[in-house]
Amino acid sequence: MPFHVLLEGMGTGPQIPAHLTRISISLITTSTDLTNKVVKGKVVQKGPLVSLAPDNFILKTVIQEEDSELNASSQNLSINVVLFGELAKNFSQGVNQEDMVVAAGFTMSKSPTVRKDNLHPFNLLLSGDDACIYVFRPKPPPDDRSLLANKRSSTLSAEVSRKTKVPKYTYVRLGDLTAGSVFNVYGVVVFFKQPFKSRGTDSCSILKITDQSNQNITCSIFCEKLEDHPKIFQIGDIVRMHRVKAQFFKDSISLVNTFGFSVVTFDGTVGGAVEPRTSSRSFHFNQEDRQIVEELRSWASSQALFPTVSAAIHLSAVQPKSYFDLNCQLLAKAPIDSTCILLRVWDGTRCPHTLLKVNVEPNVTEGPSSFSKEKENIIANVFVYDNHLDCARKLKLGSFLRIYNLRANPGHSSVPGLTSSQSVDHLAFHLHGGTSYGRGIQVLPEDSLDVQELKRVLEAFPHDDMNEPFDLNDSALLEVWSTPPELLDGKAVKSSTERGDSPDMPLMTLSELKQCELSRVHHVRAQLRSYEPRRLHQALKLYCSKCTSMQEIPDEELVAGIFSEASSDYEPCNAPPWALLSAFLTDSPGSPDRALTLLLPRQLMSEVKTKGLIFLMGTTLEETYRLAASYQNIVPVRSSGREITLLDLSAPFLFRGRKRHYGCKRCSETVLRDPSAEGVKVIDEKVVAEVLGVQLLQCVLLMKLELQDATDTLEVFLWTHAESFFGVSAEDAAANQEAQNSIRQTMESLCPPGGSMDQHPWLDLFLTAYQTKDDVGQNQTCYQICQTTLIKPPPQNRTPTPPEPPPPPSPGSEITSAG
DNA sequence: GATTAGGCTTTG
């Protein structure tokens, strides 16, 4: 188990093995022997958990060594730690900022961000079975002694509890409650009300729960903080509450939370994952709890306690005048008046009834003020009233919501702030004031099934380039970029731009731009002060248009490892009927004999070198590269059992000349099939990907530039328009030296190394602005270069750059580097 | 170790 919670001052429980010795972070160098070494430090920064593929995560954190007796110097006491896989997930869930941790089983790599973050020149990498994190926790209060467990990790808590004495919680059936006493209970939610502000100091949630004793018990939960309330999303959810007091009210027993109260919620779906939802920093959960949840689920499903059909429906199923729950994504919002906010949402389905259009001033709209026509047609306008305003204001654009007890209202007469007259059968949606019927809004967690389903549907909708240049969510983008720490926890907010429709877009200074509203294209003239990454290969990323994830190009070593592992695992296997198998032994010097196998699709054999494709098994990465010079398409394969399969998708699935093509691990379902399908004239990467069930990753360029004019400096991204900016495709840049040289020369001409700013040419650029928000609601504005094409001067015209800006260029296609 | 509310039969 790579992740342990240690309880301070306790002699029992997991311990750091005695053979491990601690070294100071400051002493880590390439020549340090890392065998059996650990480092200890306090978590001073914790980045978000970034999902690279299902069950493959990455997380970056910074730890700082605190005690000075170990330090040889006070230099380099803080170090970036990158965690992979399950460990990253456990860390994300179980470790908080300020926690003291010990890392073991790490490897090192050079820190690419050392110049920027001034941290240790190396990063610690924690991946694989040897990697391990120990977390120190203060001794728990007597009441919860030994009950610490890691959030959401039942196996972990089981591990911890086996080794420590656990005074068990006992749970009482709802039929056995007696007034005046405090109990721990489990129950199935049959009714709930979102938390609302009470007249006292707290918010109040009302829920009604039941269990096998068939009692319906009303619970009033008072908590000051919203996050401490039960995280109930729907009827049928299961709650576990500790320390609730039973009391009589109106001839029946009800429950109220009391001191030390805690609550954990589970989805009620039979057979679903038992994932605890809670804000508790520590709680305990073991096999017995899992069993209780599963018993309650199956009991509830046999009882017809509530309609099996969820109250949540898609917009496509909405009936006028009905009440329903809606799972949706928030695209924009605008205040209407002091009692009403407009939320613009979609769920990717088309309502059969025409949706009401609402005209709102663009300058009061948060998010894009308009979308493409097609998208507008499926966006629902939701008017949110009164007590729900507080919650609505806090919602972040892009978040996934469940809106409870929404009313589909025909006509516009009841809609405030409208001037346009619209036909009465246009539907508007209202979340009325009050909390009856569970009315309210919940933000759905990203990992919920509802959100996963929503994302699937929304991704199928054609992307709206005009308004959403960033298909990728910003937090993933920022993470790929090793962004400054202040942005690391930034949550994604929908981005927006509009094409500037004025042919004479006014030029503005950078400082004016910073004051300016979003949702516009801006025209600036500036010099390039610096850029990142300095090494071009680091600017190349792989982007999946399906799941919109962005990832690094796997490094050579990793890929070579996959090849060598695959070739050493060779077993004799059967050729599929559509291919000829041809195997021979290779005895390249210095390596043991290996079987090298060619698999030739029969139909393509005659032209295998010209337009064909071969499957290759048993070669090293280097051999594959060499062979790729002679064959049009090479798909590396391996034996698995007696079958032939593709390699792990961390490796390229296809070599085409000097180009390598990668597939998305998350979105591909690979299968080995005959590529020589009838009617295919040219076999290219798209055809091969399609046949093999691979979701092709697109090679993209991503750079960060620092601009400067007389008034200010500004950091901007160059991404979606990078290829047209350089006039070079990212794919070419990945495969061909000439293309790389061209980009490098361009960057050097815009930002001459070692030159003074006088030698940096002035650039006319169009920029789009978009916004991210951090957890405390602070706005972060980001910029991207758009619609700007670099026009290179003819080579004979290599004169020094004029210090004065060039004359204004024609719009749309922009100039300019005179250097 | 007080207080809050104690579902609902909808409405802009």
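None of these values were measured; they are calculated from a predicted model. Sequence lines set the chain letters: A, B, ... in the order given, protein chains first and strands last, and positions in each chain run from 1.
- Between the CZ atom of A:Phe259 and the P atom of B:dT3 there is a distance of 10 Å, given to the nearest Å.
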Checklist entry - Nucleotide by nucleotide, 5' to 3', does protein get under 4.0 Å of the base (B), only the sugar-phosphate (S), or neither (-) in nucleotides 4-10 of chain B, counting heavy atoms? => result BBBBSSB
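- The side-chain contact (heavy atoms from CB on, under 4.5 Å) test with A:Phe400 is passed by exactly one of A:Leu458, A:Asp347, A:Val345: A:Leu458.
- For the side chain to side chain donor-acceptor pair (under 3.5 Å) criterion with A:Tyr169, the lone passing option out of A:Glu288, A:Arg243, A:His284 is A:Arg243.
- For A:Asn409 against B:dG12, no side-chain N or O and base N or O form a donor-acceptor pair under 3.5 Å.
- Residues passing the salt bridge (charged side-chain N to carboxylate O under 4.0 Å, His left out) test with A:Asp325, sequence neighbours excluded: A:Arg402.
- Atom CG in A:Leu389 sits roughly 14 Å away from atom P in B:dG12 (whole-Å rounding).
- With rounding to whole Å, A:Leu406 atom CG is found 15 Å from B:dT11 atom P.
- For A:Glu224, the CD atom counts as loosely surrounded, since its 6.0 Å shell holds 12 or fewer non-hydrogen atoms of other residues, nucleotides or ligands.
- Test A:Phe285, A:Phe259, A:Tyr171, A:Phe261 against A:His242 for ring-ring contact (aromatic ring centres under 6.0 Å, His included) and you get one pass: A:Tyr171.
- Few gaps surround NZ on A:Lys231; more than 12 heavy atoms of other groups in view lie less than 6.0 Å from it.
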